[in-house]
2 protein chains.
Amino acid sequence: MSQGNDHPGQSDMTAGVATLADVAEHAQVSTATVSRCLNAPERVAKHTRERVLAAVQELGYSPNFGARALAARRTGTVGAIIPTMDNAIFARAIQAFQEELRAHGVTLLVACSAYRPEIEEEQIRALVARGADALLLIGHQRDDAIYQFLERRGVPALVAWVHDPDAGHPSIGFDNRKAMHELTREVIRLGHRRIGVITAEQRDNDRARARVGGICDAMLAAGLSPDDLALVETPYSVEHGRQAFARLMRRAPRPGVVICGNDVLAAGALQMAREMGLHVPGDVSITGFDDIEIATLVDPALTTVHVPHRAMGRQAAQLLIEMVRSGAPLAKSVELKTDLRLRGTLGPPPG
Amino acid sequence: MSQGNDHPGQSDMTAGVATLADVAEHAQVSTATVSRCLNAPERVAKHTRERVLAAVQELGYSPNFGARALAARRTGTVGAIIPTMDNAIFARAIQAFQEELRAHGVTLLVACSAYRPEIEEEQIRALVARGADALLLIGHQRDDAIYQFLERRGVPALVAWVHDPDAGHPSIGFDNRKAMHELTREVIRLGHRRIGVITAEQRDNDRARARVGGICDAMLAAGLSPDDLALVETPYSVEHGRQAFARLMRRAPRPGVVICGNDVLAAGALQMAREMGLHVPGDVSITGFDDIEIATLVDPALTTVHVPHRAMGRQAAQLLIEMVRSGAPLAKSVELKTDLRLRGTLGPPPG
DNA sequence: GTCTCGAATGTAAGCGCTTACAATTTTTCA
DNA sequence: TGAAAAATTGTAAGCGCTTACATTCGAGAC
């Protein structure tokens, strides 16, 4: 305001911003008609509509969000709580998610949980309080009270990044366990027996657990014992990946391959390998998971599991919109395919 | 909560969700008192407050966002429109921005413009329509009508990623021109004369223009002619960086250094150099800008300009909160320092 | 020409909250 | 001890919009 209000002439602008009532008066119709023009144009006669829209233009009218939300009992907003925005793991999917929502006139609110359940709960409540019509969550695992809370408030939630038909909630994602199983099978096929693993903290992270589970599955399937895994658990970050890798390399016998829970950890591991003067994959192989952009930027490029980020984001949006529209029952879960990207960091074991 | 709802008696739950009035009734006070308990607890006597908060707990009450926004005439939301979420350039700053906002009870809404002015304008209007109390924008350059619109609606805006005291709007950022000048000076000092540049499209991007300007400044200062620059303009992406680099390498004389407008382009360039069998920095040097995570993940690590992403995000949040609180006049602009990170991709010219 | 019916529009009741103002109670202090 | 000041609470008027319902009008049907 301020400036603009100094020009008295122009048009009706009693106070600051034009309201529906101002538009109605300007166009010589009732507020109901203006509202209908905006929300259900086909229910208004053409010439009336044109007059109203002209008034909207002229007054620079734009509806008040709060009022609309209050009266309509929905906000046209969906929320997403992702663990972090700091690395690129979720960026691409969220971007696609948002693009698709936008195409349907829905706004996205993003919050981060920092991989901490209590912060996630807080954020869920915050987003619901802000009127999110639906929520996108990462992973199934959370306190049942949260699901009850959402149900009570009538806020449908979709779980992404996992596919588990047995979980009680609709999801869109892939089978982390199976994907990691496949990758590990390939690793073993190349002859690796001394296998190191860098995983995210498994406690509150079902994806991380599933991925480790997949590694174990593959070992068992190959007649190996999962007990022989050299496993390090660490937070997700390049720096932690570096340190975890260094720790693994100090073990005896030294692992010939390090399977990382995601590409960020793998990038850290790769960097540390270089620093330690280890040749990849000659001295040690490294694999990641996610196939984010850095996977092909590092040298050698990272062998990893490709995840269809954009497809997941886009379809998540469609499902969520459908859930909101249809009054929020459960959609069926959707499974997306992952596939191996065999690149330079994986080779046969040394020696 | 949740559990309790299965007991029908228990407490008032006429319809679905508890309202302020329900809480008031439950606690035997007026709605005003409940409202005060939530918004200005110190204005309510301790024992009353406790009774009210107990009722809030018991009913699982959470305020209706729309109603609150409507009545209070503000939403506790600020919006940020960034060019893209697809790469990491803005991620870290936005993350810090959000963390700081959250600490003050403010919610962040993020939208992307895809570097397109018309989409940016649309997103600005959308965020304002959704009740953003203030906006964070990237770069000064945009249609003056947009600034007028914001002023008219009383929505303060802060410009980030640039520092230009002469621009008409408060900003927090750094001097892109000066920073690139310094980097280029170092490049020239090493003996480079055949300089290639990969820049983002300059038309709608004042940061890109300023960075190119800085390169020219440095050349002039060294007695070189900016006309001799081999300059390629391209969208921001790894793939475009690759192609632009290949194009530059076909020029004669071939540049001995390629200065990239940001790290993403530089990462692409570096990748292509490897692919073309060119040794970096032996055959050609490459520099970036921003110092995002990939800068140290690639090999050799990228010489670049370090930008204080997190500090910028955090301080932007503080400024914006202050602008909202103080009724939205202009804060003074804040300049942050950048500094050179000389790493492996920059060396003396070949031969 | 009258009647019926549907399309177009208007009327007005909230949606759930904040807050100015009024009413009441408690403190403070001479 | 009593009046004024301060603290606490209540009353009620909106905030700007949507929407159920009522009203009006015109076009066929008879």
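Labels below follow one simple rule: chain letters A, B, ... track the order of the sequence lines, proteins then strands, and each chain is numbered from 1. Keep in mind that the numbers below use all heavy atoms, side chains included, and drop hydrogens, waters and symmetry copies.
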Q | Letter per nucleotide, 5' to 3', of nucleotides 13-26 of chain D [B base touched, S only sugar-phosphate touched, - untouched; heavy atoms, 4.0 Å] | A | -BBBBBB-------
(Q) Can you tell me if A:Glu42 has over 12 outside heavy atoms packed within less than 6.0 Å of its CD? (A) yes
Q) If only atom types and distance count, is the side chain of A:Arg92 paired as donor or acceptor with the main-chain N or O of A:His309 below 3.5 Å? A) no
(Q) So that I can tick it off, tell me whether B:Glu120 and B:Arg116 are bridged by a salt bridge, with the cut-off set at under 4.0 angstrom between side-chain N and carboxylate O. (A) no
Q: Just say parallel, tilted or perpendicular for the rings of B:Tyr147 and B:His169, cut-offs at 30° and 60°.
A: parallel
Q: Only counting residues at least two apart or in another chain, list the ones meeting salt bridge (charged side-chain N to carboxylate O under 4.0 Å, His left out) with B:Arg43.
A: none
Q. Over how many whole Å does the gap from A:Lys46 atom NZ to C:dT9 atom P extend?
A. 13 Å
Q) Hey, are A:Arg142 and A:Glu121 close enough for a salt bridge, meaning a charged N less than 4.0 Å from a carboxylate O? A) no
Q | Over 12 foreign heavy atoms within 6.0 Å of CD, B:Glu118 | A | yes
Q. How many Å lie between CD on B:Gln28 and P on D:dT9, as a whole number?
A. 14 Å
(Q) Using the rule given for side chain to side chain donor-acceptor pair (under 3.5 Å), can you reason through B:Glu322 versus B:Gln318, listing the C-alpha separation, both sets of side-chain angles and the distance that settles it, and then say yes or no? (A) CA-CA 6 Å; B:Glu322 181 54 31; B:Gln318 291 162 354; over 6 Å; no
Q.
Angle between the end axes of the helix from C:dG1-D:dC30 to C:dA30-D:dT1, five pairs per end, to the nearest 10 degrees?
A. 30°
